[in-house]
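Below: the structure, in structure tokens.
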Protein chains: 2
Amino acid sequence: MSPRKSVERELTREMIMNAARDLFTTKGYEHVSMRQIANILGCSHGAIYYHFKNKAELFFALVEDHFKMLNSILDDIMKQELDNREKLRQIFVGYIRFGLTYQSHYEIMFLIKDDEVKNFINQEPNHTYDNFAKSVYSLCEWKKVTLQDVWSIFLSLHGFVTHYCRHVVGFDDVKDMAYRHADFLLRAIE
Amino acid sequence: MSPRKSVERELTREMIMNAARDLFTTKGYEHVSMRQIANILGCSHGAIYYHFKNKAELFFALVEDHFKMLNSILDDIMKQELDNREKLRQIFVGYIRFGLTYQSHYEIMFLIKDDEVKNFINQEPNHTYDNFAKSVYSLCEWKKVTLQDVWSIFLSLHGFVTHYCRHVVGFDDVKDMAYRHADFLLRAIE
DNA sequence: TATTTAATTGAACAGTGGTCAATAAGGAGG
DNA sequence: CCTCCTTATTGACCACTGTTCAATTAAATA
């Protein structure tokens, strides 16, 4: 019979997100329940709904951070002193490295099929893709590369990540293959 | 009070699969419940468990057919009277068409994360990929194409299907893009 | 006709996401 | 110190899920 905790134990969005991050990252969205999260936090599942409208919104709050991370990875590569071809290679491989290093985050970002979650995620992936596309496009302006080609490249990198996400291997396990995949894609636009 | 139906209304695996196929195809694995299937069949949900161990097994029974279907789609294209380049194009697009026509089955075939379903699937995807790889490889022997390239092509097609599976569009909605993606991949091996 | 077997039912169980009245802690004003 | 009010929390409740299983009965067999 304690309908409210003392102030030093009050729940924050931050606390909920930290508890949820671990669970979502290890178990995946569908296999984590609000009651499990509440259990770790030592509160009731109802309390979470005071801070987040629903499971999907809680999830989305986490995902936003990961989009930013991917963007900054790509930006860093753009700033490096490399010729355009090598930069492209690094961007391709960098994308794959990100996807396989943060597999469940990637899953959240690009593989979620839950309708409710999907409603939250709309602009962010597009914004990230725009960033990717702009970088790639600017690096091969001198070639006859169309926007459609850039999209094909993205889908092809996405396929690589997706496949090896399912087979749960780390980036290092497929590093060589990643570079060869990147070279394969480079050949298509040369 | 009718704990058993008369013989002409008896349930068969076939009947259950037919009812389930429609639901799974339109709504996706997770959004179909055993009770919904039972409802369409006019029986209790318990009855289905007499014919199938669980939901995953029922689904897998359907998926097996789809692996065969994909194989025969590729085989049919191989038998057509086309030059090698056009055959390749058709195989690429045929793969995409299959993936987007049977989205939730494709999901189960190549995107599964559910552990229970995964246990059922083991050899089938490999066999299907072997068939794909053999066809592609034989169609471009005259070029300098490696097995690694074939694998990259597969991953790239896989990425296309995966992406548009998530965004739930039909094949016709992205038909043009599919052909352009195929052309993009052809360029990589030319 | 009596007995066995096979197929079906529906209640029950433990779990899910989500809602909401009831409740109490903490701060504000007097 | 004592009200009053806002705010955060609880846990019962709802409708749903996949799955199990004793009870039941139609059909097949002897």
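Convention: sequence-line order gives letters A, B, ...; per-chain numbering from 1.
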_Listed nucleotide nearest any side-chain atom of A/Arg35, set C/dT8, C/dT16, D/dT9_ = C/dT16
*asked:* Distance check needed: D/dT9 C1' versus A/Met15 CE, whole Å only.
replied: 13 Å
*C/dG18, D/dT10, C/dT16: which one has an atom nearest the side-chain heavy atoms of A/Asn54?*
C/dG18
*State which residues pass side-chain contact (heavy atoms from CB on, under 4.5 Å) with A/His66; sequence neighbours excluded, sorted by chain then number.*
A/Met69, A/His105, A/Met109
*Nearest of D/dT9, D/dT19, C/dG17 to any side-chain atom of A/Lys55?*
C/dG17
*Tell me the ring pair (Phe, Tyr, Trp, His ring centres under 6.0 Å) pairs involving residues 68-87 of chain B, sequence neighbours left out?*
none
*Please list, by residue number, the residues of residues 37-45 of chain A whose heavy atoms come closer than 4.0 Å to an atom of DNA chain D; answer none if no residue qualifies.*
A/Cys43, A/Ser44, A/His45
*asked:* Can a donor-acceptor pair be found, under 3.5 Å and without considering hydrogens, that links the side chain of A/Gln103 to the backbone of A/Val161?
replied: no
*side-chain contact (heavy atoms from CB on, under 4.5 Å) partners of A/Leu11, counting only residues at least two apart*: A/Met15, A/Ile16, A/Leu41, A/Cys43, A/Ala47, A/His51
*Taking CZ from B/Phe52 and P from C/dA7, how many angstroms apart are they, rounded to a whole number?*
13 Å
Below 3.5 Å, can you tabulate the donor-acceptor pairs from side chains in residues 178-189 of chain B to any protein atom, sequence neighbours excluded?
{"from": "B/His181", "atom 1": "ND1", "to": "A/Ser152", "atom 2": "OG", "distance (Å)": "2.8"}
{"from": "B/His181", "atom 1": "NE2", "to": "B/Ser156", "atom 2": "O", "distance (Å)": "3.0"}
{"from": "B/Asp183", "atom 1": "OD1", "to": "B/Arg89", "atom 2": "NH1", "distance (Å)": "2.7"}
{"from": "B/Asp183", "atom 1": "OD2", "to": "B/Arg89", "atom 2": "NH1", "distance (Å)": "3.0"}
{"from": "B/Arg187", "atom 1": "NH1", "to": "A/Asp149", "atom 2": "OD2", "distance (Å)": "3.3"}
{"from": "B/Arg187", "atom 1": "NH2", "to": "A/Asp149", "atom 2": "OD1", "distance (Å)": "3.2"}

*Expressed in angstrom and rounded to an integer, what is the separation of A/Glu30 atom CD from C/dG15 atom P?*
19 Å
*So, is A/Gln36 close to the C/dG15 phosphate, meaning a side-chain N or O under 4.0 Å from OP1 or OP2?*
no
_Protein-nucleotide distance (A/His31, atom NE2; D/dT17, atom P), rounded to Å_ = 17 Å
*asked:* Checking A/Lys27 now: which residues fulfil side chain to side chain donor-acceptor pair (under 3.5 Å) with it, not counting sequence neighbours?
replied: A/Gln36
*Can you run down the salt bridge (Lys or Arg N to Asp or Glu O under 4.0 Å) pairs that involve residues 126-139 of chain A, sequence neighbours left out, and say none if there aren't any?*
none
*When you measure from the side chain of A/His51, which nucleotide among C/dT8, D/dT9, C/dG18 comes out closest?*
D/dT9
*Considering residues at least two apart in sequence or located in another chain, which fulfil the side chain to side chain donor-acceptor pair (under 3.5 Å) criterion with B/Asn39?*
none
Name the pairs: protein N/O against N/O of nucleotides 5-7 of chain D, kept only if under 3.5 Å.
{"from": "D/dT7", "atom 1": "O2", "to": "A/Arg4", "atom 2": "NH1", "distance (Å)": "2.3"}

*Distance in angstrom units between B/Met34 CE and C/dA12 C1', rounded*: 17 Å
*Is any side-chain nitrogen or oxygen of A/Lys5 closer than 4.0 Å to OP1 or OP2 of D/dT10?*
yes
*Rounded distance in Å - CG (B/Leu11) to P (C/dT9)*: 8 Å
*asked:* We want to know whether A/His158 and A/Tyr106 form a side-chain donor-acceptor pair, criterion being a heavy-atom distance below 3.5 angstrom.
replied: yes
*Interatomic distance, B/Ile16 CD1 vs C/dT8 P [rounded to whole Å]*: 8 Å
*Let me know the distance between CD of B/Glu57 and P of D/dG18, rounded to the nearest Å.*
15 Å
